[in-house]
Protein chains: 2
Amino acid sequence: MSNQPLSTPDQNPLLKLSSQLCFPLYAVSRLLTKAYQPFLQELGLTYPQYLVLLLLWEHEELTVKTLGENLLLDSGTLTPLLKRMEQKQWVSRRRDPRDERSVIIGLLPAGAALRQPACRIPEQLFNRLEMPEAEFEALRTQLNQLLLRLQ
Amino acid sequence: MSNQPLSTPDQNPLLKLSSQLCFPLYAVSRLLTKAYQPFLQELGLTYPQYLVLLLLWEHEELTVKTLGENLLLDSGTLTPLLKRMEQKQWVSRRRDPRDERSVIIGLLPAGAALRQPACRIPEQLFNRLEMPEAEFEALRTQLNQLLLRLQ
DNA sequence: GAATGTTTAATTGTGTGCAATTAAATTTTA
DNA sequence: TAAAATTTAATTGCACACAATTAAACATTC
């Protein structure tokens, strides 16, 4: 029943949801994250935790600062998230002895072991989108450009 | 200093942040919402609250269900958000006498008054993007299509 | 080399998001 | 029409996000 998008002409069309860029971004981002959920849940991961692992699978050890720079998240988000990942024995947290201000996050065996099952997730998500590859690439490129412009 | 994007070749490029669609979506969505912040803060609004008002400025009265369908948010998110908006006297909340299950959210004068100052926000954001209008439209269209596909 | 400034995480507080459950009202069905 | 199913919000619990503040470590300056 219902689920009809509302529509009414308006003297300022810029104030309509559908004319904005931010709303579809906001909504698509949440829906796409939700599409990851069934796959991530099997591994006990949340989406932001998965992003942290994507970086650690490539670099083994990274500071909180570097993680934050690459994910565009601050310590207020990362610290508690990383503590939860530490409790699950996926990562280690220790101060850098050469600069005690920095905290080094290291990949532990249990975290490394998640890589194999996670490998197939991107492909499965791509299939879920049912989107021509060219269109996917175009959208990805545009978003990455916009990302640079907004940083 | 630093702020260098990490890069290392990898046997599975699909697992890299930059090859994914979801990460730039997630990051751009948060950055764009953050770009709204200074404008919304002047009005005491958060971004999701602004979205609720966008709909109420057009329709005056909407049920929680209809708001949720249009914003793709559930009552777990909307109920506390709307209670905060009620405390600020922007909206009213009452049961529909014809169907006591539904809660009707109504626009109050203080909420209606926010429309004028909010009118200029989309334009200011567009300027902030420094993006050709054609590109803006193309991206908006693609995202709205993807939104339909994901729903 | 002490004083000043900067960098880095952690903490605190507020506000989403959302899955899962609950409870009430309504609708459908037997 | 009584019983069963559905619809709708609210509630609960958990996990982000992020602004603002704090505190410790390091760097710079005089």
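Each chain gets a letter, A, B and so on, in the order the sequences are listed, and its residues count up from 1. As a basis for the values below, the full set of heavy atoms in this structure was taken, side chains included, without hydrogen atoms, waters or symmetry mates.
For B:Arg30 and D:dA19, the CZ to P distance is 11 Å, given to the nearest whole Å. Rounded to whole Å, atom C1' of C:dG17 lies 12 Å from atom OH of B:Tyr26. Here the C1' atom of nucleotide D:dA19 and the CG atom of A:Leu73 are 14 Å apart, to the nearest Å. Between the C1' atom of D:dA20 and the NZ atom of B:Lys34 lies a distance of 13 Å, rounded to the nearest Å. Look at CD on B:Glu86: it is 14 Å from C1' on D:dA9, rounded to the nearest Å. Here the C1' atom of nucleotide D:dC18 and the CG atom of A:Leu81 are 14 Å apart, to the nearest Å. Nucleotide C:dG17 holds its C1' atom 16 Å from the CG atom of A:Leu32, rounded to whole Å. Rounded to whole Å, the distance from CD on B:Gln37 to C1' on D:dA20 is 12 Å.
DNA chain D is contacted by B:Arg93, B:Arg95, B:Arg101, B:Ser102 of residues 93-102 of chain B, taking any non-hydrogen atom closer than 4.0 Å.
Salt-bridge check for B:Arg149 with A:Glu135: passed, with a basic side-chain N closer than 4.0 Å to an acidic carboxylate O. A salt bridge does not link A:Lys83 to A:Glu86: none of the charged nitrogens lies less than 4.0 Å from a carboxylate oxygen.
Nearer to the 5' terminus of DNA chain C, by closest-nucleotide assignment, is the contact made by A:Asp74 (compared with the other of A:Asp74 and B:Asp74).
The two residues A:Leu71 and B:Arg30 have their closest heavy-atom pair at O-NH2, 3.0 Å.
With hydrogens and angles disregarded, a donor-acceptor distance shorter than 3.5 Å links the side chain of B:Asp74 to the backbone of B:Thr77. Proximity of a side-chain donor or acceptor of B:Trp57 to a complementary backbone N or O of B:Gly111 within less than 3.5 Å is detected.
For D:dC16, the OP1/OP2 oxygens have no side-chain nitrogen or oxygen of A:Thr77 closer than 4.0 Å. Side-chain N/O atoms of B:Lys83 include one lying less than 4.0 angstrom from OP1 or OP2 on D:dT11. Note on A:Gln41: every side-chain N or O is 4.0 Å or more away from OP1 and OP2 of C:dA19. The side chain of A:Tyr47 places no N or O atom within less than 4.0 Å of a non-bridging phosphate oxygen (OP1 or OP2) of D:dA15.
At the heavy-atom level, B:Thr33 lies nowhere under 4.0 Å from the strands shown.
The side chain of B:Pro48 lies closest to C:dT16 when the candidates are D:dA19, C:dC18, C:dT16.
Between the side chain of A:Ser75 and the base of C:dA10, a donor-acceptor pair under 3.5 Å is found.
A continuous path of ILVMFWY side-chain contacts below 4.5 Å connects B:Leu125 to A:Leu21, so both sit in one hydrophobic cluster.
Contact annotation: the side chain of A:Leu54 never approaches that of A:Glu58 to less than 4.5 Å [non-hydrogen atoms, C-beta and beyond].
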